[in-house]
2 protein chains.
Amino acid sequence: MLSGKARGRISARTEEAVRAAAAELGYRPNVAARALRTGVARSVALVVPDITNPFFGRVLRGAQRAAQEASYTVVLVDIGNNRAWEAASVEALLAGPADGLLLFEADLPPGTSEHAIQIEMAPGGEFPVVRLDVEAGVDHALDHLLELGHTKIGHVASNFDAPTFDLRAARIAARLGPVPTVMAPFTFEGAKVAAAAMLDEDVTAVFCDDDILAGGLYLAARERGVSIPGDLSVVGFDDLDFARVLAPPLTTVAVDAEGLGALAFSALAADLAGESVPPEQVMPVSLTVRESTAPPA
Amino acid sequence: MLSGKARGRISARTEEAVRAAAAELGYRPNVAARALRTGVARSVALVVPDITNPFFGRVLRGAQRAAQEASYTVVLVDIGNNRAWEAASVEALLAGPADGLLLFEADLPPGTSEHAIQIEMAPGGEFPVVRLDVEAGVDHALDHLLELGHTKIGHVASNFDAPTFDLRAARIAARLGPVPTVMAPFTFEGAKVAAAAMLDEDVTAVFCDDDILAGGLYLAARERGVSIPGDLSVVGFDDLDFARVLAPPLTTVAVDAEGLGALAFSALAADLAGESVPPEQVMPVSLTVRESTAPPA
DNA sequence: TTGTAAGCGTTATCAG
DNA sequence: CTGATAACGCTTACAA
């Protein structure tokens with residue numbers, strides 16, 4: 001009765017009384033028993049590549065907020081940027097605790113029949129995808145640079161193999177043709193050494209796949225005495241909190257990470273409820289212009 | 001039998017055969033049924049104030065790694081810096097999914113008999129606590145500043161009410177007596193406006209309760225044209241990734257957030273296993289000296 | 001409107 | 001060493 005399925009079967013007075021008594025005694029339905037009986041755990045798993053990256057923290061918060069509202073619980077799986085762990089981790093989830101999966105840049109062993117939503121992946125796969133409008137993001141960034149008068153633009157790309165980064169590269173190529181490119185890892189230190197090579201290229205502006213990569217470029221530029229934006233304009237992607245506090249503040253593509261997480265959860269909830277969910281949903285992005293971009297010298 | 005409780009009751013050959021068949025058919029024990037029968041879900045909940053803060057991301061990763069090794073699952077609850085949500089959120093957990101709680105700067109309704117570990121809280125409460133050696137952290141920072149020759153030191157304190165911040169203030173007071181203090185919120189923008197007031201004080205160095213607060217101070221200093229460390233030395237706390245990329249790189253107290261998370265999980269696991277756990281465990285910290293500190297002008 | 005009973009998939013116990 | 005059986009706490013269907 002406490003599950004709310006009593007529609008009109010019992011009197012309001014009785015219901016009231018029972019609820020009061022339940023509250024009085026501190027009664028809590030046993031979720032394990034309910035899960036066993038109904039086959040539904042009201043819990044979803046979120047798989048992220050690196051929870052240490054603040055971007056995923058925001059996605060997680062969005063998903064968790066939405067989940068909480070629907071009285072779902074979210075269990076976190078952090079792949080730790082280590083693809084080897086991925087299979088094992090996801091495998092563990094399939095064993096049961098989760099009704100469905102929110103997969104951020106992760107794949108499922110093919111044929112595994114499970115409810116899942118993929119985040120920031122290419123559409124056309126087995127599961128619905130929810131993603132950022134990456135193409136619009138690079139368009140905004142490139143338009144801004146082009147308007148400023150830059151013609152020699154470089155690309156500091158992520159060396160993490162994920163569709164979202166392929167999309168960035170493809171869009172840049174489509175707009176500008178081949179451009180000087182370096183691949184950088186997702187840490188300030190690593191990105192710094194990788195990005196240093198970009199300073200030897202003949203470019204007046206660079207687009208970075210992510211703010212962290214831009215941070216690495218800042219480090220390299222500082223070490224080499226190249227001034228931003230005087231000698232080099234730089235634009236990042238994600239608008240992480242620290243972009244604001246860089247010197248100079250970073251011009252970057254702002255994305256709604258929490259919204260992305262929340263949207264992914266809603267899609268999964270809809271799927272679990274048997275509703276049909278669109279094969280692809282994309283979140284708009286915008287450009288936040290700060291002080292790291294200026295006309296070329 | 002698959003639960004491994006068959007110690008010598010069946011032959012190795014039989015066991016082998018059964019396991020093979022199980023793997024063949026893709027059999028997975030149903031966790032809900034197991035949880036119902038055994039009363040144990042092999043799952044713990046981690047409650048954090050703000051998952052958006054990279055510090056908690058690191059704690060979460062540490063806890064998750066340790067949990068995964070023990071084949072536990074961790075469910076996340078993000079309070080969102082909103083104390084009002086806290087009770088409701090924790091309440092939801094008590095309903096069942098979690099065998100135990102990892103409470104970061106959170107309290108449990110008193111008397112709630114549950115297995116829990118408190119992180120970064122004052123010892124002496126109902127549950128064992130695991131925390132950073134905050135006192136040593138401020139000692140390191142203060143010693144460093146004192147050695148540099150600073151005598152007029154200010155304190156940018158967190159306005160978030162948590163024992164760890166009380167500890168910092170108490171230690172500073174014990175070492176230096178009353179010092180100019182401003183309270184700042186946990187965002188760059190908010191901290192910037194709060195920290196601006198510190199620039200009007202007669203101080204040559206500032207200790208910040210957290211790197212984020214230090215970032216706010218950087219912003220205020222930049223706006224007012226005060227140079228770091230020329231006019232003002234600043235030291236932060238936590239050694240978040242972005243501390244490295246600030247200009248100048250921030251001198252800060254480095255803490256092992258992942259280790260903290262892992263330690264907290266182990267303590268909880270021990271508690272769950274019926275082992276006794278020490279009422280207080282503290283993690284050592286160290287000072288990372290970078291370029292935001294120098295002798296007073 | 002209310003009561004009763006079956007069964008979800010495990011694990012544990014107790015005879016065989 | 002093996003096989004049958006009860007019980008965990010809940011939901012649901014059906015009988016009263």
Side-chain angles (χ1 to χ4, degrees), chain A residues 1-45 67 70-73 75 91-101 112-115 269 272-274, chain B residues 1-45 67 70-73 75 91-101 112-115 269 272-274:
Chain A
M1 172 220 127
L2 292 173
S3 54
K5 285 289 172 53
R7 314 183 307 174
R9 288 169 35 94
I10 56 181
S11 71
R13 283 188 61 258
T14 316
E15 171 163 355
E16 179 76 16
V18 175
R19 284 199 190 285
E24 181 80 21
L25 298 169
Y27 168 80
R28 308 229 155 288
N30 177 313
V31 295
R34 176 184 306 211
L36 176 57
R37 179 61 233 241
T38 62
V40 162
R42 288 200 89 73
S43 144
V44 303
S71 53
Y72 267 78
T73 220
V75 350
E91 184 68 7
L93 260 354
L94 295 176
D99 293 334
L101 267 25
T112 329
S113 77
E114 260 288 320
H115 294 272
L272 290 172
Chain B
M1 174 217 123
L2 293 173
S3 56
K5 285 287 174 51
R7 312 183 309 173
R9 289 169 32 95
I10 57 180
S11 72
R13 283 188 62 257
T14 315
E15 170 164 355
E16 177 77 15
V18 174
R19 284 201 190 285
E24 180 79 19
L25 298 170
Y27 168 81
R28 307 228 158 287
N30 178 311
V31 294
R34 188 200 302 255
L36 176 57
R37 180 63 237 244
T38 62
V40 162
R42 288 200 87 75
S43 144
V44 303
S71 51
Y72 267 79
T73 220
V75 349
E91 184 68 9
L93 260 353
L94 295 176
D99 293 333
L101 266 26
T112 328
S113 78
E114 259 287 323
H115 294 272
L272 256 17

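Here is how names work: the chains are called A, B, and so on, in the same order as the sequence lines, proteins then strands, and each is numbered from 1. Only heavy atoms go into these numbers, but all of them, side chains included; no hydrogens, no water, no symmetry mates.
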Quiz item: DNA chain C in dot-bracket, Watson-Crick or G-U pairs under 3.5 Å, [ ] crossing, | other strand?
Solution: |.||||||||||||||
Exercise. Using the test side chain to side chain contact (heavy atoms under 4.5 Å, CB included), find all partners of A/A33 that sit at least two apart in sequence or belong to another chain.
Key: A/N30, B/L36
Quiz prompt | Test item: A/D99 side-chain N/O and A/V40 main-chain N/O as donor-acceptor pair under 3.5 Å | solution = no
I'd like a table of atom pairs between the protein and nucleotides 7-9 of chain C - only N or O on both sides, under 3.5 Å - with the distance next to each one.
| from | atom 1 | to | atom 2 | distance (Å) |
| --- | --- | --- | --- | --- |
| C/dG7 | N2 | A/R37 | NH1 | 3.2 |

Quiz item: Once you round to the nearest 0.5 Å, how far does OH of B/Y72 lie from CG of B/L272?
Solution: 4.5 Å
Quiz item: Between the main-chain N or O of A/T73 and the side-chain N or O of A/R42, is there a donor-acceptor pair closer than 3.5 Å?
Solution: no
Exercise. Can you see which heavy atom on B/V75 is nearest to which on B/S43, and at what distance?
Key: CG1-OG, 3.6 Å
Quiz item: Looking only at heavy atoms, what is the nearest atom pair of B/A35 and A/A32, with distance?
Solution: CB-CB, 3.7 Å
